[in-house]
Protein chains: 2
Amino acid sequence: MQHNRIYLLRLCRIKMKRRQTESKMGILNALKKANSALSHDMLETLIDTPIDRATIYRVLNSFCEDGLVHKTLGDDGKQYFALCGHCAENEHGHNHTHFHFRCLNCGKVECLKSDVHIPLPTGYTFENFNGFITGRCSICI
Amino acid sequence: MQHNRIYLLRLCRIKMKRRQTESKMGILNALKKANSALSHDMLETLIDTPIDRATIYRVLNSFCEDGLVHKTLGDDGKQYFALCGHCAENEHGHNHTHFHFRCLNCGKVECLKSDVHIPLPTGYTFENFNGFITGRCSICI
DNA sequence: TGTATTATTGCAACACAATCGCATTTATTT
DNA sequence: AAATAAATGCGATTGTGTTGCAATAATACA
Ligand SMILES: [Mn+2]
Ligand SMILES: [Mn+2]
Ligand SMILES: [Zn+2]
Ligand SMILES: [Zn+2]
């Protein structure tokens with residue numbers, strides 16, 4: 001179920017009429033390399049050839065629509081985007097009911113592996129989940 | 001451990017050199033009446049005598065500092081403030097490791113009672129938690 | 001390979017939540 | 001009643017993300 005980036009982009013090109021551009025490749029590579037969730041400003045510094053802010057957001061949101069990436073709102077008010085790696089799969093597709101951890105020292109945001117159990121009161125229906133934890137990662141003690 | 005609002009404000013006046021004002025009373029009453037987490041704009045509509053935006057935020061943040069209220073960042077990008085009712089108590093004071101639920105229909109934001117277990121990888125330290133669930137509440141089907 | 005189509009981009013303007021500086025007001029103390 | 005400084009209102013500012021639009025360029029197809 002793990003495909004490489006080129007394959008995924010090609011798939012999107014056909015299915016969603018996307019085009020393969022340098023911006024998309026750059027952003028996808030940065031996400032892959034970082035192996036963590038990235039915010040717009042993180043991407044801006046990570047990518048060599050400058051890309052406009054609006055473009056970065058548009059690319060990221062298109063990745064979300066296409067299922068390559070998921071978005072989570074950090075407790076710092078920023079959106080973070082991560083490649084869909086070990087997202088839990090179920091009958092409707094794959095879902096993102098996992099926590100995200102942000103290290104207050106190094107800033108890295110990671111998807112935590114454990115799938116979160118969501119304790120809804122009876123009669124409530126579920127639509128979306130966003131769980132953020134902050135602290136310090138093992139590298140930053 | 002449940003005190004009434006007047007008592008709490010009086011406590012803050014002495015301990016933190018706060019003053020008891022109409023704005024604070026209004027905001028505290030609105031929170032109490034709503035029995036749910038409120039955002040700035042919700043409060044603005046709920047309170048009769050108009051209070052300036054900056055003042056509302058300042059009052060709410062002072063309430064947070066004083067431990068009367070806790071703040072959570074909604075997935076809609078807004079801050080929600082709720083009276084500290086059944087927040088979990090531990091040796092360091094009380095913590096806010098519970099989910100918040102926002103009904104996509106009526107907009108109400110509630111503190112969910114169940115205390116969340118936070119699955120940190122080994123070597124990671126905990127600082128803060130923000131968990132938001134959206135869906136529909138039992139009233140809105 | 002050349003041309004048409006239209007997805008994508010950059011730029012500027014915009015929307016929105018929240019904060020800040022500062023002069024003024026006012027709750028509290030004496 | 002006067003002094004002190006916390007609290008307020010107003011306007012400006014920050015920060016994040018979106019949108020409109022004309023220009024660009026990736027893709028399809030003859
Ligand atoms: Mn995913
Ligand atoms: Mn609390
Ligand atoms: Zn770290
Ligand atoms: Zn509802």
Side-chain angles (χ1 to χ4, degrees), chain A residues 6 8-28 37-45 47-66 68-81 102 107 109 130 132, chain B residues 6 8-28 37-45 47-66 68-81 102 107 109 130 132:
Chain A
I6 308 290
L8 289 171
L9 280 187
R10 200 162 290 161
L11 208 70
C12 294
R13 181 168 73 208
I14 296 160
K15 295 229 174 188
M16 344 285 272
K17 292 186 179 169
R18 305 292 190 199
R19 291 180 186 178
Q20 186 166 325
T21 67
E22 200 181 341
S23 300
K24 291 184 184 178
M25 293 300 289
I27 290 170
L28 208 50
L38 298 178
S39 62
H40 150 261
D41 55 296
M42 284 169 164
L43 280 164
E44 208 161 50
T45 59
I47 296 171
D48 327 300
T49 51
I51 310 176
D52 187 75
R53 186 159 39 106
T55 302
I56 293 180
Y57 281 114
R58 281 190 277 232
V59 166
L60 288 169
N61 285 325
S62 77
F63 284 170
C64 285
E65 286 172 25
D66 299 352
L68 269 63
V69 158
H70 61 271
K71 186 200 303 201
T72 171
L73 179 63
D75 62 315
D76 57 354
K78 295 180 185 174
Q79 296 181 346
Y80 288 88
F81 301 81
R102 183 167 67 92
V109 173
N130 193 76
F132 237 83
Chain B
I6 308 289
L8 289 171
L9 279 188
R10 200 161 292 161
L11 208 69
C12 293
R13 182 168 71 208
I14 297 160
K15 295 229 173 189
M16 345 284 275
K17 294 187 179 168
R18 304 292 191 199
R19 293 179 184 178
Q20 186 165 324
T21 65
E22 201 182 340
S23 299
K24 291 185 183 176
M25 292 299 289
I27 290 171
L28 208 51
L38 298 177
S39 62
H40 151 262
D41 54 295
M42 284 170 166
L43 279 164
E44 207 162 48
T45 60
I47 296 171
D48 326 300
T49 51
I51 310 176
D52 186 74
R53 189 161 33 108
T55 301
I56 293 179
Y57 280 114
R58 281 191 276 232
V59 166
L60 288 169
N61 285 325
S62 78
F63 284 171
C64 285
E65 286 174 23
D66 299 352
L68 270 62
V69 158
H70 60 271
K71 186 200 298 203
T72 172
L73 178 62
D75 62 315
D76 56 354
K78 295 180 185 173
Q79 297 180 344
Y80 288 88
F81 300 82
R102 183 168 67 92
V109 173
N130 193 76
F132 235 85

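We name chains A, B, ... by the order of the sequence lines, and we start the count at 1 in each one. For clarity, every value in this text was computed on a predicted model and none was experimentally measured.
- For the helix from C:dT1-D:dA30 to C:dT30-D:dA1, the axis fitted to the five pairs at one end and the axis fitted to the five pairs at the other end meet at an angle of 30° (nearest 10 degrees).
- Closest non-hydrogen pair, A:G74 versus B:L73, comes out as O-CD2, 3.2 Å.
- Atoms NE2 and CD, from A:H40 and A:Q79 in turn, are 11.0 Å apart once rounded to the nearest 0.5 Å.
- The side chain to side chain donor-acceptor pair (under 3.5 Å) search around B:D52 returns none, not counting sequence neighbours.
- Rounded to the nearest 0.5 angstrom, B:L11 CG and B:M16 CE are separated by 9.0 Å.
- Formation of a donor-acceptor pair under 3.5 Å by the A:D75 side chain with backbone atoms of A:F132 is not found in this model.
- The phosphate of D:dG9 has OP1 or OP2 within less than 4.0 Å of a side-chain N or O from B:T55.
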Listed pairs under 3.5 Å, donor-acceptor, residues 17-25 of chain A side chains, sequence neighbours left out:
residue : atom : partner : partner atom : Å
A:R18   : NE   : A:D66   : OD1          : 3.4
A:R18   : NE   : A:D66   : OD2          : 2.9
A:R18   : NH2  : A:E65   : OE1          : 3.1
A:R18   : NH2  : A:D66   : OD1          : 3.0
A:T21   : OG1  : A:K24   : N            : 3.3
A:K24   : NZ   : A:R19   : O            : 2.9

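- The heavy-atom pair separating A:V59 from A:S62 by the smallest distance is O-OG, 2.7 Å.
- To the nearest 0.5 angstrom, A:K78 atom NZ is 12.0 Å from A:L38 atom CG.
- Among the atoms of the strands shown, only primed sugar atoms or phosphate atoms (P, OP1, OP2) are found under 4.0 Å from some heavy atom of A:S23.
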Detail all sub-3.5 Å separations between protein N/O atoms and N/O atoms belonging to nucleotides 15-21 of chain D.
residue : atom : partner : partner atom : Å
D:dT16  : OP1  : A:K78   : NZ           : 3.4
D:dG17  : OP1  : A:Q79   : N            : 2.3
D:dG17  : OP2  : A:Y57   : OH           : 2.2
D:dG17  : O5'  : A:Y57   : OH           : 3.1
D:dG17  : N7   : A:R53   : NH1          : 2.8
D:dG17  : O6   : A:R53   : NH1          : 3.1
D:dG20  : O6   : A:R58   : NH1          : 3.4

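- One atom, CD of A:E22, and another, P of D:dT24, lie 17 Å apart when rounded to the nearest Å.
- Atom-to-atom distance recorded for B:T55:OG1 and B:I27:CD1 is 8.0 Å, nearest 0.5 angstrom.
- Considering every non-hydrogen atom in both B:K71 and B:C64, the closest pair reads CB-SG, 3.8 Å.
- D:dA7 atom P lies 12 Å from atom CD1 of B:I27, rounded to whole Å.
- Within the 4.5 Å cutoff, side-chain heavy atoms of B:L43 are placed close to those of B:L60.
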Mind listing the N/O atom pairs, protein and nucleotides 3-5 of chain D, below 3.5 Å?
residue : atom : partner : partner atom : Å
D:dA5   : N3   : B:R19   : NH1          : 3.2
D:dA5   : N3   : B:R19   : NH2          : 3.2

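- Note that the first and last nucleotides of DNA chain C, 5' to 3', having any atom under 4.0 angstrom from a heavy atom of chain B are C:dA17 to C:dT28.
- Taken from CD1 in A:I47 to CE in A:M42, the straight-line distance is 13.0 Å, to the nearest 0.5 Å.
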